[in-house]
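Written out below as structure tokens is the structure these notes cover.
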Amino acid sequence: MASTRGAQILVASNRGPVSYTLDETGTLTSKRGGGGLVSGLSAIGPDAGALWVCSALGEGDREAVRRGVGEPGVRMLDVDADVHADAYNGIANSVLWFVHHMLYQTPLEPVFDAEFRHQWAAYETYNHAFAAALAEEAAEGAAVLVQDYHLSLVPRMLRELRPDLRIGHFSHTPWAPSEYFRMLPDDIAAQVLGGILGADRAAFLTQRWADAFTDCCHAVLGPGIPSGTRIGVHGLGADADFLRERAHRPDVEERMAALRQEVGEGRKTIVRVDRTELSKNIVRGLLAYRELLASRPDWRERVVHVAFAYPSRQDLAVYRDYTAAVQRLADEINSEYGTPGWTPVVLHVKDDFARSLAAYRLADVALVNPIRDGMNLVAKEVPVVSDEGCALVLSREAGAYEELGEDAITVNPYDVVGTAVALHEALSMPAGERAERTKRLAGAATTLPPARWFLDQLHALDT
């Protein structure tokens, strides 16, 4: 497997910058990923001695590891598939994600039984595999940036193996308030916090999430931040240069033409682009749109809700059910209000980045109403590429609210009637005001682009 022995800068994350697919002939094909980490790591240059440690996520990845196929600067770990499944789906996505996004239906869940303890042991094993690989690969005094809730135990484990390293941990999710976080068994709550506190520095997307982490440490571990871990905030922003260039390529223009045809001439658009993740609150967004059509009949045939709901975590039953509920509600709205010349909801469930950018450019209103979100880059991306200016309807529970709330129309994500009122306000906003707000939103959204976001964390380990 390709690796860089004695790496000076290391990144650890569940998902890496490259993935592999295996076809029926046994041929492996690689695909590069995107996102803030990929952009950020590229900012340090090819001569920085950097290494990305990640997990093999599918059979193609595992086969690549077995064959010794890889890329310079990437080490992919082939953790036992059952261990990975228990750690990733059993703990990371079904427990830690649910806690931080406050998604449990508490009369029935969570239930921390013997099966949970079995899965937690797998989570420990998974984290230890990362810690061991990082310890093996890192040069003396190297900087290690550990990413997210999948790897919350790694900093402490790595500290014990390599006390010489400079270790940072970054949380891309919200952090739960202490009273919710303490639903976790006491020893597990302490282990999660203690794991992150093995880092020299623990960083978050907003001050709110950083403060919540500190509150949890005080509530679970006692006053003060044990071990002297420093707390930081880095509000990841949109990559304006990339988005603006990418949004004007021919494939986006083609999709804009197709979307215009679906929407119809002269109609306004309410756009949302999300994964069908429970925290994104897509169902209540559709309910709010239905309420708008019911309470403001003058908007009928004058507006279309363009909803891109890309399937997420379909190996978990609760996510499959949620995706089906989104589709069902969109169909109900179209059946109830649609006419031969007007489809009220245009729903697409197949992931298509070029089509998403086309929708960004066409949006009159962007609806971003998560129950809870670490940041929500869609809220930052739409104003950057919008052609005519876009009114942003934004949940106060999105991390992006800290930076964008002043120029957005803010909603309580649970209030369907209130969200419908906000949609009416956004649709009715004068063009001049909308353009001015969009300009300010775009400015706020791009203050910390991915490359600088990454470098700021790296530099903060030196201070």
Measuring only between side-chain heavy atoms, which start at C-beta, is [X] closer than 4.5 Å to [Y]?
X    : Y    : answer
I9   : L51  : no
R260 : L362 : yes
D373 : E397 : no
V393 : N369 : no
L28  : L22  : yes
K268 : V365 : no
Y319 : N93  : no
M429 : R437 : yes

Requested in this report: Kindly determine whether V303 and L293 satisfy side-chain contact (heavy atoms from CB on, under 4.5 Å), including the steps that lead there.
Outcome: CA-CA 9 Å; V303 63; L293 298 179; 4.3 Å; yes
Requested in this report: Using the salt bridge (Lys or Arg N to Asp or Glu O under 4.0 Å) rule, collect all pairs that involve residues 329-343, keeping only residues at least two apart or in two chains.
Outcome: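 Non-adjacent pairs meeting salt bridge (Lys or Arg N to Asp or Glu O under 4.0 Å): R290-E332.
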Query raised in the report: Which residue pairs pass the salt bridge (Lys or Arg N to Asp or Glu O under 4.0 Å) test when at least one of the two sits in residues 345-354, sequence neighbours left out?
Result: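 Every pair satisfying salt bridge (Lys or Arg N to Asp or Glu O under 4.0 Å) with a residue in residues 345-354: R255-D352.
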Which heavy atom in [X] sits nearest to a heavy atom in [Y], and how many Å separate them?
X    : Y    : answer
M102 : P177 : SD-CD, 3.7 Å
P344 : Y289 : O-OH, 2.9 Å
V18  : S30  : CG2-CB, 3.9 Å
T446 : A240 : CG2-CB, 3.7 Å
A56  : V65  : CB-CG2, 4.4 Å
Y123 : S152 : OH-OG, 2.7 Å

Taking salt bridge (charged side-chain N to carboxylate O under 4.0 Å, His left out) as the definition, give me every residue that meets it alongside [X], ordered by chain and number, with sequence neighbours left out.
X    : answer
D407 : R440
D241 : none
E245 : R249
R328 : none

What distance do [X] atom [atom1] and [Y] atom [atom2] have between them, rounded to the nearest 0.5 Å?
X    : Y    : atom1 : atom2 : answer
E63  : D78  : CD    : CG    : 9.5 Å
D462 : R166 : CG    : CZ    : 4.5 Å
Y322 : R275 : OH    : CZ    : 11.5 Å
I371 : N281 : CD1   : CG    : 4.5 Å
H234 : D456 : NE2   : CG    : 6.0 Å
S395 : Y401 : OG    : OH    : 10.0 Å

Does [Y] offer a backbone N or O that forms a donor-acceptor pair with the side chain of [X] under 3.5 Å?
X    : Y    : value
H100 : W175 : no
R452 : T447 : yes
T343 : V346 : no
D86  : G90  : no
N334 : V345 : yes
H169 : Q147 : no
S171 : T173 : no
N127 : V154 : yes

Query raised in the report: Between F130 and V146, is a side-chain contact (heavy atoms from CB on, under 4.5 Å) present by the stated rule, with each step listed?
Result: CA-CA 10 Å; F130 272 84; V146 181; over 6 Å; no
Requested in this report: Count the heavy atoms belonging to other residues, nucleotides or ligands that lie under 6.0 Å from OH of Y337, then report whether that count exceeds 12.
Outcome: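 For Y337, atom OH is crowded (more than 12 foreign heavy atoms under 6.0 Å).
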Query raised in the report: In this structure, are over 12 heavy atoms from other groups packed under 6.0 Å from E406 atom CD?
Result: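 12 or below, so no.
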Report task. Check F204, W453, Y149 against F170 for a ring-ring contact (aromatic ring centres under 6.0 Å, His included) and give me the one that passes. Result ->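 Of the listed residues F204, W453, Y149, the ring-ring contact (aromatic ring centres under 6.0 Å, His included) partner of F170 is W453.
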Report task. May I have all residue pairs that pass side chain to side chain donor-acceptor pair (under 3.5 Å) and include part of residues 377-392, sequence neighbours excluded? Result ->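 Applying side chain to side chain donor-acceptor pair (under 3.5 Å) to every pair that reaches into residues 377-392, excluding sequence neighbours, yields Y360-E381, R361-D387, K380-E403.
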Requested in this report: List the steps and the verdict of side-chain contact (heavy atoms from CB on, under 4.5 Å) for K280 and N376.
Outcome: CA-CA 9 Å; K280 298 299 184 182; N376 196 294; 3.8 Å; yes
Requested in this report: Applying side chain to side chain contact (heavy atoms under 4.5 Å, CB included) between L259 and each of V304, T269, V306, V271, report the one that passes.
Outcome: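 Exactly one option meets the side chain to side chain contact (heavy atoms under 4.5 Å, CB included) with L259, and it is V306.
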Report task. Dump the intermediate steps for side-chain contact (heavy atoms from CB on, under 4.5 Å) on N14 and L57, then the final yes or no. Result -> CA-CA 8 Å; N14 177 68; L57 298 182; 3.7 Å; yes
Query raised in the report: With S428, which residues qualify under side chain to side chain contact (heavy atoms under 4.5 Å, CB included), at least two apart?
Result: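 Partners of S428 under the side chain to side chain contact (heavy atoms under 4.5 Å, CB included) test: W299, H424.
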Requested in this report: Using side chain to side chain contact (heavy atoms under 4.5 Å, CB included) as the criterion, list what pairs up with T206, not counting sequence neighbours.
Outcome: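 With sequence neighbours excluded, T206 shows a side chain to side chain contact (heavy atoms under 4.5 Å, CB included) to R208, W209, M375, E402, given in chain and number order.
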Query - Residue pair R284, E291: steps toward the salt bridge (Lys or Arg N to Asp or Glu O under 4.0 Å) verdict - result: CA-CA 10 Å; R284 287 193 189 89; E291 173 63 25; over 6 Å; no
**Report entry** ring-ring contact (aromatic ring centres under 6.0 Å, His included) partners of residues 59-93, not counting sequence neighbours, each pair once
**Finding:**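 Those involving residues 59-93 are H84-Y88, H84-Y126, Y88-H150.
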Requested in this report: Quick one: list whatever passes side-chain hydrogen bond (donor to acceptor under 3.5 Å, both in side chains) with D82, sequence neighbours left out.
Outcome: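 Not a single residue meets the side-chain hydrogen bond (donor to acceptor under 3.5 Å, both in side chains) criterion with D82.
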**Report entry** Pairing residues for D251 by the side-chain hydrogen bond (donor to acceptor under 3.5 Å, both in side chains) criterion, not counting sequence neighbours
**Finding:**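 Scan of D251 (side-chain hydrogen bond (donor to acceptor under 3.5 Å, both in side chains), adjacent residues dropped) gives R246.
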